[in-house]
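See below for the structure under consideration.
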Amino acid sequence: METSIHSNVDRHVSSESMTSRDYYADSYAHFGIHEEMLKDSVRTGSYRAAIVNNGHLFKGKTVLDVGCGTGILSMFAAKAGASQVVGVDMSNIIDQAQKIIEANGFKDTITLVKGKLEDVELPIQQFDIIISEWMGYFLLYESMLDTVLDARDKYLKPGGLIFPDTATLYLAAIEDQDYKEKKSTVIWDNVYGFDFSCIKGIALREPLVDTVELKAVVTDPCMIKHIDLLTAKKEDLAFAAPFTLTATRNDYIHAFLAWFDISFECTHKKIKFSTGPHAQYTHWKQTVFYTPSTVTINEGQKLYGMLSCAPNARNNRDLDISITFKFDGEEETKVDYKMCVILPEIMLPQLWCARVSNGDANRLSGRDRPLTLPFRHYHLVSPMLNTFHIPCIPYHVRCTGTDLGVLLLPV
């Protein structure tokens, strides 16, 4: 997802002058996030193929880039022959995008506008094409799809194109006993000698974003949401969808697994990519929803359920997700999950602090040896011990089978 969707960004702070306090208000100004997205070859390569390889669609056209970030999609469009490209982003990363665009000789073709799309004045009122990388974890978490739909309704010409134009969300079930036990039992039964088991249920209701091996999947996938960006409405983003999962072998279910596929249907040669466990790695990974108890399933047996998803009433960046499931003739089980964003001022154990540079942690204080770990931008899971307040950036990491909440301190 290229853009910031925060509403409290200080527009008067340059990206060079930003501190960790500013990064809380404008997380997408942080270079590490854009570096991760640009290095995602599936993501960036798919957009390049869809745009640059379809010059016949872009030649002489006007293009709106919603959430332009570093400007990479805008430059693809200009390279494909667009007559004029307008990129919009409310994050301070747009200051660096301007320099990148000028350095690559596109300043006469690409115009960048800083601000919230709903509030800014654009130099063009109607566009032939809208491009955007709007997807979040679980497709819709922290998603800016509603902004893309607003842009479509306000700025897209009749018969105009959207890149990408379809998204599909899938669900399957997985066997994940070892990690579920560590997440639900090992951490909470003994926290420095104290019993934290009363909050096991809360921990399990926080979806986990992680990479899951295909061999862990024990059912066929089921499509639970298809979005056509040319016709979708914002109210469609809150939905309830039934699902049926058919077991592919005798096994146990410890969690549900969600991922999404993206398609550029308007291209001459269809460009698609998947974030599923069967596909090449992407920074979106997959989303894991642990069940409260282990479910035994036999090959060919069907598990029936309903997944509902809606933006949280207090913060529409968060998602409230419920999954109800049962076998024929049995009582149903319902679990409510919440994907949420950690607030700027948080409390966390000093043990779990890391000094970082360019998104990679090169030291974990409080451990007996240095570690180098990959981190991802995610919410925190942690007991509140030896707590303190400090301005920094929250990350979540799976390290040696244990979930750690980690505060990233600027070097």
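Just so you know, these numbers come straight off a predicted model, no measurement behind them.
- Scanning both residues, Val148 and Leu229, for their nearest heavy atoms gives CG1-CD2, 4.2 Å.
- By the 30° and 60° cut-offs, the orientation of the rings of His254 relative to Tyr252 is tilted.
- Ser322 meets the side chain to side chain donor-acceptor pair (under 3.5 Å) test with Asp336; sequence neighbours excluded.
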What pairs of donor and acceptor atoms, side-chain ones from residues 241-249 against any protein atom, are under 3.5 angstrom apart with sequence neighbours left out?
from: Thr246; atom 1: OG1; to: Lys302; atom 2: NZ; distance (Å): 3.0
from: Thr248; atom 1: OG1; to: Val218; atom 2: O; distance (Å): 3.1
from: Arg249; atom 1: NE; to: Asp251; atom 2: OD2; distance (Å): 2.7
from: Arg249; atom 1: NH1; to: Val217; atom 2: O; distance (Å): 3.2
from: Arg249; atom 1: NH2; to: Lys215; atom 2: O; distance (Å): 2.8
from: Arg249; atom 1: NH2; to: Asp251; atom 2: OD2; distance (Å): 3.2

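- Under the side chain to side chain donor-acceptor pair (under 3.5 Å) criterion, Lys272 pairs with no residue at all, not counting sequence neighbours.
- Side-chain contact check for Leu139 versus Trp134: some heavy-atom pair is nearer than 4.5 Å.
- Note that CD of Glu142 is 10.5 Å distant from CG of Asn316, once rounded to the nearest 0.5 Å.
- Nearest heavy atom pair, residue Val86 against residue Ile124, reads CG2-CD1, 4.2 Å.
- Scanning all heavy atoms of the two residues, the minimum distance from Leu57 to Cys266 falls at CD1-O, 3.5 Å.
- If you take CD1 on Ile227 and OG1 on Thr166, they are separated by 9.5 Å, rounding to the nearest 0.5 Å.
- A donor-acceptor pair under 3.5 Å is formed between the side chain of Glu175 and the backbone N or O of Gln177.
- Of all non-hydrogen atoms in Ser74 and Asp65, the two that sit nearest each other are OG-OD2, 2.8 Å.
- Under the salt bridge (Lys or Arg N to Asp or Glu O under 4.0 Å) criterion, the residue pairs touching residues 151-171 are Asp128-Lys157, with sequence neighbours excluded.
- From Trp259, atom CH2 reaches atom CD of Gln286 across 8.0 Å, with rounding to the nearest 0.5 Å.
- In this structure, the separation between CG on Leu171 and OG1 on Thr219 is 7.5 Å, given to the nearest 0.5 Å.
- The ring pair (Phe, Tyr, Trp, His ring centres under 6.0 Å) check on Phe273 picks up Trp284, with sequence neighbours excluded.
- Considering only heavy atoms from C-beta on, Pro164 comes within 4.5 Å of Tyr47 through its side chain.
- A side-chain donor from one of Lys114 and Asn92 sits under 3.5 Å from a side-chain acceptor of the other.
- In this structure, Tyr337 has its ring center no closer than 6.0 Å to that of Phe256.
- When side chains are defined from C-beta on, Phe239 counts as touching Leu169, because their heavy atoms get closer than 4.5 Å.
- For Thr287 against Pro207, the heavy-atom pair with the smallest separation is CG2-CB, 3.8 Å.
- Note: Lys334 NZ to Lys326 NZ = 14.5 Å, rounded to the nearest 0.5 Å.
- A distance of 4.5 Å separates CD1 of Ile131 from CD1 of Ile51, quoted to the nearest 0.5 Å.
- Remark: aromatic rings of Phe58 and Phe163 are close, center separation under 6.0 Å.
- The side chain to side chain donor-acceptor pair (under 3.5 Å) check on His278 picks up Ser274, with sequence neighbours excluded.
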